[in-house]
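Because only heavy atoms are used, hydrogens play no part in the values below, and waters and symmetry mates are left out as well, while side chains stay in. Predicted, not measured: the structure shown is a model, and the values here were computed from it. Just so we're on the same page: letters track the sequence lines, and every chain starts at 1.
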Number of protein chains: 2
Amino acid sequence: MERIMPKKRILPYVLLGLINNKGSLSGYQISQEFKHEVGDFWHASHSQIYPELARMKDDGWLIDHDEDKSTFYSVTETGYRVLRDWMKEPLTDNEEIFSLKLYFINEKSDPLLQHLLKQELKIKQSKLSYLQGRLKEVFIDQKIIQKSFGHYLILTRAIEREENHIQWLESKIAACDAN
Amino acid sequence: MERIMPKKRILPYVLLGLINNKGSLSGYQISQEFKHEVGDFWHASHSQIYPELARMKDDGWLIDHDEDKSTFYSVTETGYRVLRDWMKEPLTDNEEIFSLKLYFINEKSDPLLQHLLKQELKIKQSKLSYLQGRLKEVFIDQKIIQKSFGHYLILTRAIEREENHIQWLESKIAACDAN
DNA sequence: CTAAGCATGTAAAGAGTTACATGATTAG
DNA sequence: CTAATCATGTAACTCTTTACATGCTTAG
């Protein structure tokens, strides 16, 4: 018995996180934000941003004030609670979401930081063993490597990538523990 | 004077590449493929796959034959030309497309392999210097790091990630040159 | 005086997901 | 005999993009 369960929308949380980081942002400034680091893991065009901001204001997540021909939005208490609740939701095997949530943490001392790093480490460790299993399973001999060389490359690359990510996560967990 | 230019669809090329890799696949088998390595950089649900296969057959990119209650598709000469043309199109800063194209190369001796690796290396090198520039530009002092710690983390992580990727690309380019 | 950028908004179309459907086969 | 998996297909909906629109300001 499946109930209609719409796909979890990310955009409102992204907007909440961005506005919360900067204190207050206009729709235009948000679209500019996506041209820098955030753009690596999320993007939205202005035609999505403006109506979304209006909806979020209606929902009481944001308040607006006009200044210099621009409408600036700030996160309300309700909005901040919504954002934090989303940040606390369990991570899945989705690096973009991890990066976004990390990006939305401002203080090194925020306990969520450690929580996120440790969650992501577990996910990545199990992903790594999955990929290592696939390598053994799929590429049982040299002949298969020769005939699917691209597949072999991307699989070995994925393994290296996960190893590198795990190392980084471990070093950051250690560094944050040292406080 | 802008003309209507629909967003470049990837799905048909993904299907072409997957079918070409295996010689022949059914819609169901394709949806299973997305549960493994390919799923890391592309995904499609069966409700997208079946109509797309039908369209591609109409366009003469695929031919089908029935067997055991399944419809299997193979790539036609036209389809293969379309796939190769797409593979030769310049890469952009989009790792998924790079990985997909790499995945679709079967032979180590395929000259496209070297071409892809070198193209991606250039893109990643310029991305790395962009990110290094951002780091200097944004985090001018310790105080800013303290107040945007998450941002600092994901930016330094992105830099490490690109460095690791560049190393890998360079090692593979060298290894392939050695032939 | 004009092109580029600031700033916002809506409409139309396309891509992708979830749900609804059906029917066959296989394993417990 | 019943749940899971194989296998395909369509309908409805959501999300995102592109295009159409407007008006203001700044730099060359």
Side-chain angles (χ1 to χ4, degrees), chain A residues 1-16 18-19 22 24-36 38-39 41-59 62 64-73 92 94 96-97 100, chain B residues 1-16 18-19 22 24-36 38-59 62 64-73 86 92 94 96-97 100:
Chain A
M1 188 64 74
E2 268 173 304
R3 237 130 18 76
I4 293 174
M5 187 55 81
K7 202 197 168 182
K8 187 85 187 155
R9 300 194 65 210
I10 309 299
L11 183 61
Y13 304 105
V14 176
L15 301 184
L16 233 28
L18 288 174
I19 297 166
K22 304 276 176 176
S24 138
L25 284 173
S26 68
Y28 186 79
Q29 287 179 317
I30 290 171
S31 69
Q32 297 307 300
E33 285 285 307
F34 287 121
K35 291 186 179 165
H36 297 290
V38 225
F41 22 92
W42 206 264
H43 182 263
S45 49
H46 79 271
S47 59
Q48 246 190 310
I49 294 166
Y50 291 113
E52 191 63 48
L53 289 171
R55 265 193 293 278
M56 290 165 76
K57 186 196 153 189
D58 286 348
D59 290 346
L62 299 176
D64 61 340
H65 69 279
D66 288 18
E67 207 180 296
D68 296 330
K69 282 140 222 289
S70 284
T71 307
F72 288 86
Y73 291 89
T92 54
N94 184 334
E96 273 99 54
I97 304 293
L100 271 177
Chain B
M1 188 65 72
E2 267 173 307
R3 239 127 20 76
I4 291 175
M5 188 54 81
K7 200 198 168 181
K8 186 87 188 155
R9 299 196 65 210
I10 309 299
L11 184 61
Y13 304 104
V14 176
L15 301 185
L16 233 28
L18 288 174
I19 296 167
K22 304 276 177 175
S24 139
L25 284 173
S26 69
Y28 186 79
Q29 287 178 317
I30 291 172
S31 70
Q32 296 307 300
E33 286 285 307
F34 288 120
K35 291 185 179 165
H36 297 290
V38 224
D40 280 348
F41 22 90
W42 205 264
H43 182 264
S45 49
H46 78 270
S47 58
Q48 244 190 311
I49 294 166
Y50 291 113
E52 191 65 47
L53 289 171
R55 265 192 295 275
M56 290 165 77
K57 186 194 152 192
D58 286 349
D59 290 347
L62 300 176
D64 60 341
H65 69 278
D66 287 20
E67 204 181 297
D68 297 331
K69 281 136 222 290
S70 283
T71 306
F72 288 87
Y73 292 88
W86 176 72
T92 55
N94 184 334
E96 273 100 53
I97 304 291
L100 271 176

Problem - Interatomic distance where CD1 belongs to B/Ile10 and C1' belongs to C/dG16 [whole Å] - result: 14 Å
Problem - Heavy-atom neighbours of A/Asp68 CG exceed 12 at 6.0 Å - result: no
Fill in the blank from the handout: One should read off an interatomic distance between A/Leu15 CG and A/Leu62 CG, to the nearest 0.5 angstrom, of 8.0 Å
Problem - Polar side-chain contact B/Ser47-D/dT8 base: donor and acceptor under 3.5 Å - result: no
Fill in the blank from the handout: Between B/Thr71 and A/Trp42, the residue closer to the 5' end of DNA chain D by nearest nucleotide is B/Thr71
Exercise for the section: Send over the distance from B/His46 NE2 to C/dA19 C1', rounded to a whole Å. Expected result: 10 Å
Problem - side-chain contact (heavy atoms from CB on, under 4.5 Å) between A/Phe34 and A/Ile49, worked out - result: CA-CA 11 Å; A/Phe34 287 121; A/Ile49 294 166; 3.9 Å; yes
Exercise for the section: Compare side-chain N and O positions of A/Arg9 against OP1 and OP2 of D/dC15 and report whether any pair is under 4.0 Å apart. Expected result: yes
Practice task
Please state whether the phosphate of C/dT8, meaning OP1 or OP2, lies under 4.0 angstrom from any side-chain nitrogen or oxygen of A/Tyr50.
Solution key: yes
Exercise for the section: Can you figure out which of C/dT8, C/dT10, D/dT8 approaches the side chain of B/Ser26 most closely? Expected result: D/dT8
Completion exercise
To the nearest angstrom, the CG-P distance between B/Asp68 and D/dT8 comes to 11 Å
Completion exercise
Rounded to whole Å, the NE2-P distance (B/His43 to C/dA15) equals 18 Å
Handout entry: Heavy-atom pair with the smallest gap, counting every atom of A/Tyr50 and A/Tyr28
Key = OH-N, 3.3 Å
Problem - Under-4.0 Å side-chain N/O to phosphate OP1/OP2 contact, B/Lys69 with C/dT25 - result: yes
Problem - Among D/dT17, D/dC6, C/dA7, the nucleotide that comes nearest once only the side chain of B/Gln32 is considered - result: D/dC6
Practice task
Rounded to the nearest angstrom, tell me the gap between atom CZ in B/Arg55 and atom P in D/dG9.
Solution key: 12 Å
Handout entry: Presence of B/Gln48 side-chain N/O under 4.0 Å of C/dA15 phosphate oxygens OP1/OP2
Key = no
Exercise for the section: Just call it for B/Ser45: base, sugar-phosphate, or nothing, with non-hydrogen atoms closer than 4.0 Å on any strand. Expected result: base
Exercise for the section: May I have the distance from B/Gln29 (atom CD) to D/dC6 (atom P), rounded to whole angstrom? Expected result: 11 Å
Practice task
Provide, to the nearest angstrom, the distance between the CG atom belonging to A/Leu15 and the P atom belonging to D/dC15.
Solution key: 13 Å
Problem - d(CG, B/Asp64; C1', D/dA7) in whole Å - result: 15 Å
Exercise for the section: Using a 4.5 Å cut-off on heavy atoms from C-beta on, say whether the side chain of B/Trp42 contacts that of B/Ile10. Expected result: yes
